[in-house]
Amino acid sequence: MKKMLSPILLIVTFALSAAGHLLHWNSTLEFALSALSVIFVAGFLGRATESVAHYAGQRLGGFLNATFGNAAELIIAILLVKEGLFDMVKASLTGSIIGNLLLVLGLSLFAGGLKFKVQRFNVPLAGMNGSLMIVAVIALFVPAVFLNTHSIEGQQINTLSLIVAGILIVAYLFWLVFSMITHKNYLSDPSESPAAAAALTGSGLPAGSADQGVPASDTHASDEHAPAWSKKRSIAYLVIATVMVAFVSEWLVGTLETFTTQFGLSELFVGAFVVAIVGNAAEHSAAIMLAMKNKIGASVEIAVGSSLQISLFVAPVLIFISFFMGGLSGTMNIVFSTIEIVAIAVSVFVAKSIIQDGETNWYEGLLLLAVYIILGVSFFMVH
């Protein structure tokens with residue numbers, strides 16, 4: 001009965017959200033049902049992706065989790081671009097980046113740290129992720145400075161945005177080649193190799209032994225956590241979940257403007273926190289579950305990899321999508337507000353400082369959550 005509860009809730013919330021949209025129910029009720037449905041659908045998407053990731057391997061699995069975990073945000077953002085709500089798109093992108101770096105990563109480190117005293121992952125990977133995050137901050141910071149100092153004007157900023165977007169996409173594609181092909185072993189998680197893990201811990205014990213606070217009952221965790229679905233079924237569910245996310249995201253976007261006006265909330269807060277938290281549900285569930293299974297490398301790969309994918313790929317792609325929809329004059333530029341840039345820079349700085357040593361614990365997760373709450377309260381007060 002317990003196993004059936006989640007699929008039942010998934011179907012019921014999706015059906016109610018569809019009914020609310022088709023029958024034009026109260027806009028607040030529509031928003032609540034759509035948001036709830038996105039969470040359950042994203043959770044289903046997360047489970048399907050994790051199952052596919054099991055067959056694909058941890059590094060490729062982490063990439064798949066990040067990619068399909070961002071499906072909701074990407075679809076919501078494309079629909080917002082179509083509506084011309086560029087400020088809310090930028091706010092939602094900001095929220096996705098800081099949400100993954102602070103909320104998803106913070107909850108993962110906290111949950112995993114409560115069960116395992118110290119969790120370790122690949123140090124070179126942490127360093128590369130940190131460098132890429134800094135590049136993303138620079139790409140957002142430079143156009144904003146040039147526009148605000150009036151060195152570049154109007155149409156020129158749109159041209160610069162397209163150039164910067166193109167550079168970021170190329171940089172991201174080469175990162176995939178670097179991390180998945182040429183330096184795959186260099187960046188692999190130490191937990192995948194018992195010998196490497198033993199060397200990393202500085203003892204003769206493999207990672208995940210009693211010296212890290214791992215209960216003896218977790219020794220056979222890999223057997224206990226085998227995927228519930230076959231490879232073909234996992235792929236089929238992944239496709240179905242992605243289609244469901246597309247529908248439910250469209251219904252959610254249709255209620256955002258009315259919801260924002262009705263409750264007197266700023267587009268910045270709704271985009272950065274409400275939309276981002278709902279859209280990040282897949283990453284939340286997948287990353288936290290993996291951290292609690294002592295697969296902190298995959299967990300960090302999902303949270304940080306998802307932020308990198310948003311800043312280096314999704315945001316630039318949206319700029320090109322807006323260009324193809326409305327021409328150069330209707331292009332969404334890459335100039336984020338000072339508040340958004342500061343929030344992203346703070347998130348990158350604190351996340352990089354915490355993950356750069358390749359070791360995590362529950363208190364570091366708590367620190368990330370504290371920064372997220374500070375930013376959340378600050379954004380809420382913006383009008």
Side-chain angles (χ1 to χ4, degrees), residues 70 72-103 133 135-148 152 154-169 172 249 252-253 256-257 259-260 265-280 306-326 328-348 372 375-376 378-383:
N70 283 331
E73 287 109 305
L74 179 58
I75 293 165
I76 290 171
I78 290 171
L79 294 168
L80 289 171
V81 165
K82 191 179 176 183
E83 296 290 323
L85 300 171
F86 294 160
D87 288 341
M88 192 175 284
V89 173
K90 291 176 188 175
S92 69
L93 293 172
T94 301
S96 294
I97 294 167
I98 65 176
N100 280 298
L101 288 179
L102 300 178
L103 181 62
M133 286 191 288
V135 169
V137 172
I138 291 169
L140 297 179
F141 179 74
V142 170
V145 169
F146 275 79
L147 180 67
N148 292 329
I152 293 178
Q155 208 87 321
Q156 288 180 309
I157 200 67
N158 290 347
T159 305
L160 177 63
S161 296
L162 289 167
I163 293 169
V164 172
I167 292 168
L168 290 179
I169 290 171
Y172 182 72
S249 298
L252 180 69
V253 167
L256 277 179
E257 202 167 347
F259 176 81
T260 304
L265 300 171
S266 67
E267 282 190 4
L268 188 63
F269 177 76
V270 172
F273 285 83
V274 179
V275 173
I277 287 173
V278 168
N280 278 331
S306 186
S307 285
L308 288 173
Q309 197 172 70
I310 289 288
S311 52
L312 299 179
F313 186 74
V314 173
V317 163
L318 289 170
I319 288 167
F320 278 104
I321 287 172
S322 68
F323 170 72
F324 290 123
M325 282 182 176
L328 189 60
S329 58
T331 299
M332 180 181 79
N333 62 47
I334 204 168
V335 178
F336 283 59
S337 69
T338 305
I339 295 171
E340 291 165 337
I341 293 172
V342 167
I344 293 169
V346 165
S347 305
V348 167
Y372 186 74
L375 289 174
S378 303
F379 271 64
F380 181 75
M381 292 183 174
V382 172
H383 290 288

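Keep in mind the model is a prediction, meaning the values are calculated, not measured.
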- Message: Going by ring-ring contact (aromatic ring centres under 6.0 Å, His included), name the residues that satisfy it together with Phe86, two or more places apart in sequence or in a different chain.
- Response: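 Expected list: none.
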- Item | By ring-ring contact (aromatic ring centres under 6.0 Å, His included) - contacts of Phe269 (at least two apart) |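 Partners of Phe269 by the ring-ring contact (aromatic ring centres under 6.0 Å, His included) criterion, ordered by chain and then number, come out as Phe273, Phe380.
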- Task: Check step by step if side-chain contact (heavy atoms from CB on, under 4.5 Å) holds for Ser347 and Leu375.
- Result: CA-CA 9 Å; Ser347 305; Leu375 289 174; 3.9 Å; yes
Hey, could you give me the [atom1]/[atom2] distance between [X] and [Y], rounded to the nearest 0.5 Å?
| X | Y | atom1 | atom2 | answer |
| --- | --- | --- | --- | --- |
| Ile310 | Thr94 | CD1 | OG1 | 10.5 Å |
| Leu103 | Ser96 | CG | OG | 11.5 Å |
| Leu80 | Asp87 | CG | CG | 11.0 Å |
| Tyr172 | Leu308 | OH | CG | 7.5 Å |
| Ile341 | Phe141 | CD1 | CZ | 7.0 Å |
| Leu101 | Ser307 | CG | OG | 3.5 Å |

- Closest heavy-atom contact between Pro143 and Ala139?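 Looks like CD-O, 2.9 Å.
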- Task: List the atom of Ser311, the atom of Ala136, and the distance in Å for their closest heavy-atom pair.
- Result: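 Ser311 and Ala136 have their closest heavy atoms at OG-CB, 3.5 Å.
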Report the residues that fulfil side chain to side chain contact (heavy atoms under 4.5 Å, CB included) with [X], sequence neighbours left out, ordered by chain and then residue number.
| X | result |
| --- | --- |
| Asn333 | Lys90, Ile157, Asn158, Ser161, Val335 |
| Phe320 | Leu162, Ala165, Ile169, Phe324 |
| Ile167 | Ile163 |

So do the side chains of [X] and [Y] get within less than 4.5 Å of each other, counting heavy atoms only?
| X | Y | result |
| --- | --- | --- |
| Ile334 | Leu168 | yes |
| Glu340 | Ser337 | yes |
| Leu318 | Leu93 | yes |
| Ile321 | Lys82 | no |
| Ile339 | Phe379 | yes |

- Quick check: does any side chain N or O of Ser322 sit under 3.5 Å from a backbone N or O of Met332, one acting as donor and the other as acceptor?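 Checking the backbone N and O of Met332 against the side chain of Ser322, a donor-acceptor pair under 3.5 Å is found.
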- With sequence neighbours excluded, tell me which residues meet side-chain hydrogen bond (donor to acceptor under 3.5 Å, both in side chains) with Ser378.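 Residues passing side-chain hydrogen bond (donor to acceptor under 3.5 Å, both in side chains) with Ser378: none at all.
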